[in-house]
Amino acid sequence: MTDQDHHRPLRSFVLRQGRLTSGQKLALESQWPIVGLEFQNDFLDLEKAFDRKAPTTLEIGFGNGDSLAQMAKNAPECNFFGIEVHRPGVGHLLHLVEEYELSNVRVMHHDAVEIINKMIPDGSLDRIQIYFPDPWHKKRHNKRRIVQPEFVALLATKLHQGGVLHLATDWEHYAQQMLKVMTAAPDYANQATSGGYAERPDYRPLTKFENRGIKLGHGVWDLMFQKLP
């Protein structure tokens with residue numbers, strides 16, 4: 001391992017290139033100027049970005065955006081801020097924003113760790129959700145998983161008192177690691193009455209991928225931890 005490898009900064013992603021469909025290209029062209037936000041090295045005024053003051057949920061790595069768009073459609077009284085580095089996923093979400101006529105979604109195409117460090121004001125978020133992050137299932141790659149003590153500590157600074165960090169994974173080993181990390185984190189309290197995993201809340205839609213896994217007998221684990229005073 002080189003010295004550079006040892007000090008490699010935590011990132012929320014590994015960049016994977018993908019080909020855009022014609023619909024995704026059109027959505028990026030028409031919707032990005034309306035709901036897309038560019039990276040800036042300064043704190044974001046969320047009220048100005050959404051043209052209103054409302055409870056705000058941040059989703060880190062929204063994939064193709066299906067569940068985020070559905071949540072925004074089901075809760076028009078709330079703001080939804082999504083971050084994703086996979087451009088086709090961004091294009092698909094923007095297509096859904098246009099199809100559902102959503103005005104409560106804002107999107108960024110950039111590394112989430114850098115956005116959170118430099119753009120998200122402390123205490124400004126009601127919920128942060130990370131659904132099905134890359135499990136890095138090979139043991140030698142486990143250290144690349146995003147749910148690590150230093151990262152959840154950073155996220156705690158962005159939640160207001162009583163805000164919730166909601167995690168979900170379909171990899172049991174990762175679920176165990178998540179629970180261990182979150183239980184040890186001093187800034188959070190487990191919302192599950194059993195002190196373990198939580199029931200999937202109604203607001204989190206089942207994705208096609210998740211439904212397929214459930215039919216095959218695969219498990220899914222939700223964790224919900226509340227920010228302490």
Side-chain angles (χ1 to χ4, degrees), residues 12-13 46 54-84 89 93 104-108 112-113 115-116 120 122-135 145-207 209-211 213-214 218-229:
S12 64
F13 70 99
L46 289 172
T56 301
T57 290
L58 169 67
E59 180 161 355
I60 299 170
F62 56 74
N64 67 9
D66 283 341
S67 63
L68 182 60
Q70 192 62 51
M71 282 186 281
K73 183 179 179 182
N74 293 341
E77 73 281 4
C78 297
N79 295 335
F80 291 85
F81 181 11
I83 301 172
E84 177 57 57
L93 174 60
N104 59 338
V105 173
R106 297 295 181 268
V107 184
M108 287 196 71
V113 177
I115 292 170
I116 292 161
I120 304 299
D122 289 353
S124 62
L125 300 174
D126 292 75
R127 187 167 75 235
I128 299 173
Q129 50 199 40
I130 308 175
Y131 297 154
F132 308 102
D134 194 326
R145 291 172 172 174
I146 192 171
V147 180
Q148 304 283 355
E150 65 273 18
F151 187 57
V152 300
L154 171 64
L155 296 182
T157 66
K158 307 305 175 181
L159 289 165
H160 65 60
Q161 181 181 330
V164 172
L165 175 56
H166 182 188
L167 311 173
T169 182
D170 57 347
W171 283 82
E172 186 173 13
H173 182 267
Y174 199 1
Q176 292 167 351
Q177 178 189 324
M178 287 178 173
L179 185 58
K180 183 178 180 180
V181 168
M182 293 305 303
T183 301
D187 299 310
Y188 298 92
N190 196 338
Q191 286 195 296
T193 54
S194 63
Y197 304 108
E199 294 292 327
R200 180 183 63 86
D202 290 340
Y203 67 74
R204 183 174 78 75
L206 284 172
T207 65
F209 172 81
E210 188 178 357
N211 262 320
I214 290 172
H218 300 167
V220 175
W221 294 267
D222 283 74
L223 299 89
M224 300 185 69
F225 280 74
Q226 191 168 44
K227 166 75 178 292
L228 291 170

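One-based numbering along the sequence shown.
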Partner residues of Tyr131 under the ring-ring contact (aromatic ring centres under 6.0 Å, His included) criterion, sequence neighbours left out: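 Counting only residues at least two positions away or on another chain, Tyr131 forms a ring-ring contact (aromatic ring centres under 6.0 Å, His included) with His166.
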Before you tell me yes or no, could you show the steps for Phe225 and Thr183 under side chain to side chain contact (heavy atoms under 4.5 Å, CB included), namely the whole-Å CA-CA distance, both residues' side-chain angles and the distance that decides it to 0.1 Å? CA-CA 9 Å; Phe225 280 74; Thr183 301; 4.2 Å; yes
Within the structure provided, determine whether [X] and [Y] are in side-chain contact (heavy-atom separation under 4.5 Å).
{"X": "Asn79", "Y": "Leu46", "answer": "no"}
{"X": "Pro133", "Y": "Met178", "answer": "yes"}
{"X": "Ile130", "Y": "Leu155", "answer": "yes"}
{"X": "Leu206", "Y": "Val220", "answer": "no"}
{"X": "Gln148", "Y": "Gln177", "answer": "yes"}
{"X": "Leu179", "Y": "Asn190", "answer": "yes"}
{"X": "Leu93", "Y": "Phe80", "answer": "no"}

My understanding is that only residues two or more places apart in sequence, or in another chain, count here; which of them pass side chain to side chain contact (heavy atoms under 4.5 Å, CB included) with Leu228?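 With sequence neighbours excluded, Leu228 shows a side chain to side chain contact (heavy atoms under 4.5 Å, CB included) to Ala189, given in chain and number order.
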Once you round to the nearest 0.5 Å, how far does CZ of Arg127 lie from SG of Cys78?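 Here the rounded value is 7.0 Å.
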Roughly how far, to the nearest 0.5 Å, is OG1 of Thr169 from CG of Asp134?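 Rounded to the nearest 0.5 Å, the CG-OG1 separation comes to 10.0 Å.
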Sequence neighbours excluded, every pair satisfying salt bridge (charged side-chain N to carboxylate O under 4.0 Å, His left out) that has a member inside residues 156-182: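 Applying salt bridge (charged side-chain N to carboxylate O under 4.0 Å, His left out) to every pair that reaches into residues 156-182, excluding sequence neighbours, yields Asp122-Lys158.
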Pair listing, salt bridge (charged side-chain N to carboxylate O under 4.0 Å, His left out) test, anchored in residues 218-228, at least two apart: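 Qualifying pairs, neighbours excluded: Arg204-Asp222.
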Can you name the residues that form a salt bridge (charged side-chain N to carboxylate O under 4.0 Å, His left out) with Lys73, not counting sequence neighbours?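 Partners of Lys73 under the salt bridge (charged side-chain N to carboxylate O under 4.0 Å, His left out) test: none.
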With sequence neighbours excluded, what pairs up with Asp187 under the salt bridge (charged side-chain N to carboxylate O under 4.0 Å, His left out) test?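 None.
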So, using side chain to side chain donor-acceptor pair (under 3.5 Å) as the criterion, who are the partners of [X] when residues are at least two apart?
{"X": "Asp126", "answer": "His160"}
{"X": "His218", "answer": "none"}
{"X": "Asn74", "answer": "Gln70"}
{"X": "Arg106", "answer": "none"}

Which pairs pass ring-ring contact (aromatic ring centres under 6.0 Å, His included) with one or both residues in residues 168-188, sequence neighbours excluded?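 Residue pairs passing ring-ring contact (aromatic ring centres under 6.0 Å, His included), neighbours aside: His137-Trp171.
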